[in-house]
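Comments concern the structure below.
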Amino acid sequence: MSRALAEITAPEFDLALTLGCGQVFHWRRHGEGWLGMIGDTPCYAEQRGHTLLVPRGLESIAADYFALDHPLQKMRATFPDDPAMNAADEACRGLRLVRQPHWECIATFITSAQKAVPHIAQISHTLRTRYGRAAEWNGERLFAYPTPAALAALGEKDLRACALGYRAKNLLRTARMIADGEVSLEAVAGLGDHEAAIELQRLAGVGPKVAACALLFGFGRLAAFPIDVWIERILRTTYFPKKRKVTTKRLREFSARYFGPFGGYAQQYLFHHARTTTPRGNKSK
DNA sequence: CTCCAGGTTCCGG
DNA sequence: CCGGAACATGGA
């Protein structure tokens with residue numbers, strides 16, 4: 001029999017949606033639930049209606065990770081009232097933005113550049129199993145995301161062998177910058193949104209989009225609005241129909257204003273809805 | 001074979 | 001500030 005599980009109350013929550021929407025990449029299905037790591041702690045999670053089952057002792061850690069304290073109802077009420085947003089909102093009930101550890105969040109998104117979600121998951125898995133600390137839950141082997149020091153000690157060739165492609169150099173350089181204390185993620189956590197974004201972009205392979213993902217998924221900045229190819233397509237076709245020459249700068253300014261204080265949530269809902277309703281990037285002009 | 005994927009960086013206008 | 005090109009890899 002498995003170790004004892006404890007129940008947490010989890011209203012307005014969809015575990016499968018939350019773990020499968022492309023914000024975090026290492027959880028895998030296991031039995032009736034999911035198996036993954038919360039930082040260095042192995043965790044099993046299973047949803048039964050409005051309750052969440054997690055290993056006894058991990059109740060508060062899991063509740064925090066899955067952001068069960070986010071007032072989803074109130075946050076959704078701040079979304080703009082337009083057809084595209086409403087459709088996405090309807091399709092993403094219970095999707096919560098989890099609180100990822102700073103380092104693994106920024107690192108995985110550095111490796112996400114120009115990669116499909118399944119590829120990102122594959123890269124994450126390879127890095128974890130080769131260079132991460134091993135852990136175990138009920139006989140199941142799990143691996144933490146490799147530390148900055150662990151990656152900093154490698155060569156670019158080692159990372160390229162993990163199918164990172166040209167992203168290998170960026171991840172390695174960034175791991176070394178963090179390991180050497182050239183950039184402090186703890187310090188970033190104390191900065192305002194804009195200053196934090198600027199600071200993160202000092203890291204190799206971190207531009208506006210990856211910085212926004214890290215701020216949103218790792219630093220709890222729920223207004224951060226990552227603009228990737230999917231979102232850009234939605235913005236252009238839905239909010240700037242048949243307009244030529246809409247610069248990315250213009251899109252950023254519009255998004256920051258239009259989607260409000262929880263724009264990051266709106267963004268993730270739009271992203272997931274688009275990705276699950278248009279199997280392959282059709283430009284549906 | 002071609003196209004595209006949760007981009008960033010560098011380089012000329 | 002803006003538009004292009006290069007950069008790896010794998011699935012459709």
Side-chain angles (χ1 to χ4, degrees), chain A residues 17-27 88 92 95 97-98 100 104-127 155-175 177 183 197-219 221-222 224-236 240 243-255 259 263-285:
Chain A
L17 192 52
T18 295
L19 293 179
C21 71
Q23 61 174 318
V24 62
F25 305 92
H26 74 280
W27 290 79
C92 295
L95 194 172
L97 298 188
V98 308
Q100 299 183 44
E104 80 178 55
C105 186
I106 188 81
T108 56
F109 278 97
I110 284 172
T111 66
S112 78
Q114 290 295 102
K115 277 290 179 188
V117 170
H119 294 159
I120 302 168
Q122 184 53 55
I123 288 169
S124 168
H125 182 258
T126 304
L127 288 173
E156 186 181 327
K157 217 166 297 175
D158 300 316
L159 291 180
R160 285 201 177 244
C162 297
L164 286 182
Y166 65 83
R167 303 155 197 82
K169 186 189 297 277
N170 291 145
L171 182 60
L172 183 57
R173 285 176 54 198
T174 287
M177 290 174 79
V183 169
I198 300 297
E199 182 66 7
L200 286 176
Q201 288 176 67
R202 290 178 52 207
L203 298 168
V206 179
K209 191 272 177 183
V210 171
C213 284
L215 287 177
L216 179 59
F217 304 128
F219 291 85
R221 309 305 174 89
L222 303 184
F225 194 96
I227 298 180
D228 60 80
V229 290
W230 289 92
I231 289 297
E232 178 162 349
R233 198 175 295 144
I234 293 169
L235 292 178
R236 289 184 187 285
F240 296 89
K243 275 201 171 185
R244 293 292 163 187
K245 304 292 219 178
V246 181
T247 65
T248 56
K249 181 180 187 301
R250 177 90 185 279
L251 292 180
R252 279 200 288 270
E253 291 166 352
F254 167 78
S255 304
F259 293 98
Y265 256 94
Q267 187 273 4
Q268 188 60 20
Y269 283 20
L270 289 168
F271 172 79
H272 183 255
H273 186 237
R275 235 170 53 79
T276 51
T277 54
T278 57
R280 189 162 160 82
N282 76 68
K283 292 177 173 99
S284 64
K285 290 185 180 170

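Everything numeric in this text was worked out from a predicted model, so none of it was measured. In what follows, chains carry the letters A, B, and so on, assigned in the order in which the sequence lines appear, proteins first and then strands, with residues in each chain numbered from 1.
The side chain of Lys245(A) lies closest to dG3(C), out of dG6(B), dT8(B), dG3(C). Ranking dG6(B), dC1(C), dA8(C) by closeness to the Lys249(A) side chain, first place goes to dC1(C). Distance from the side chain of Lys115(A) is smallest for dT9(C) among the nucleotides dA5(B), dT9(C), dC7(C). Residue Ala113(A) places its side chain closer to dG7(B) than to any other of dG3(C), dC1(C), dG7(B). Nearest to the side chain of His119(A), among dG11(C), dT8(B), dG6(B), sits dG11(C). Closest approach to the Val229(A) side chain among dA5(B), dC2(C), dA8(C) is made by dA5(B) (side chain taken as heavy atoms from C-beta onward). Distances were taken from every side-chain heavy atom of Ala116(A) (C-beta onward) to each of dA5(B), dT8(B), dA8(C); the shortest belongs to dA5(B).
Contacts of Pro118(A) with the nucleic acid, taken as non-hydrogen atoms under 4.0 Å apart, are absent.
For the pair Gln201(A) CD and dT9(B) P, the interatomic distance rounds to 8 Å; values are reported in whole Å. Atom CD in Gln122(A) sits about 20 Å away from atom P in dA5(B), given to the nearest Å. Atom CH2 of Trp230(A) is separated from atom P of dG7(B) by 11 Å (rounded to the nearest Å). Look at NZ on Lys209(A): it is 11 Å from C1' on dA5(B), rounded to the nearest Å. Rounded to whole angstrom, the span from the CG atom of Leu251(A) across to the C1' atom of dG6(B) amounts to 16 Å. Whole-Å rounding puts the Ile231(A) CD1 to dA5(B) P distance at 13 Å. Rounded to whole angstrom, the span from the CG atom of Leu164(A) across to the P atom of dT9(C) amounts to 9 Å. Computed from coordinates, the Lys169(A) NZ to dC10(B) P distance equals 11 Å when rounded to whole Å.
Comparing the P positions of dT9(B) and dG10(C) gives an interatomic distance of 23 Å, to the nearest angstrom. One P atom belongs to dA8(C), the other to dC11(B), and the distance between them is 16 Å to the nearest Å. Going from the P atom of dG6(B) to that of dA5(C) covers 23 Å, rounded to whole Å.
Close to dA5(B), at under 4.0 Å from its OP1 or OP2, lies no side-chain N or O of Gln114(A). Note on Arg167(A): every side-chain N or O is 4.0 Å or more away from OP1 and OP2 of dA8(C).
Using bins of under 30°, 30° to 60° and over 60° for the plane-to-plane angle, the ring pair Phe259(A)/Phe225(A) lands in the parallel bin. A perpendicular orientation is assigned to the rings of Phe271(A) and Trp230(A), their planes being inclined by more than 60° (bins at 30° and 60°).
A residue-by-residue look at Gln23(A) and Gly205(A) shows that Gln23(A) has its nearest nucleotide of DNA chain B further toward the 5' end. Looking at which nucleotide of DNA chain B each of Cys213(A) and Asn170(A) is closest to, the 5′-most match is held by Cys213(A).
Aromatic stacking of Phe271(A) on dG6(B): satisfied, with centres closer than 5.5 Å and planes within an angle under 30 degrees.
A donor-acceptor distance shorter than 3.5 angstrom exists from the side chain of Thr108(A) to the backbone of Cys105(A), with no hydrogens or angles considered.
Remark: the Gln268(A) side chain and the dG6(B) base include a donor-acceptor N/O pair separated by less than 3.5 Å.
The OG atom of Ser255(A) lies 10.5 Å from the CD1 atom of Ile234(A); values are rounded to the nearest 0.5 Å.
Qualifying side chain to side chain donor-acceptor pair (under 3.5 Å) partners for Thr248(A), counting only residues two or more places apart in sequence or in other chains: none.
Two residues are said to be in side-chain contact when any heavy atoms from C-beta on lie closer than 4.5 Å; Arg167(A) and Gln114(A) meet this criterion.
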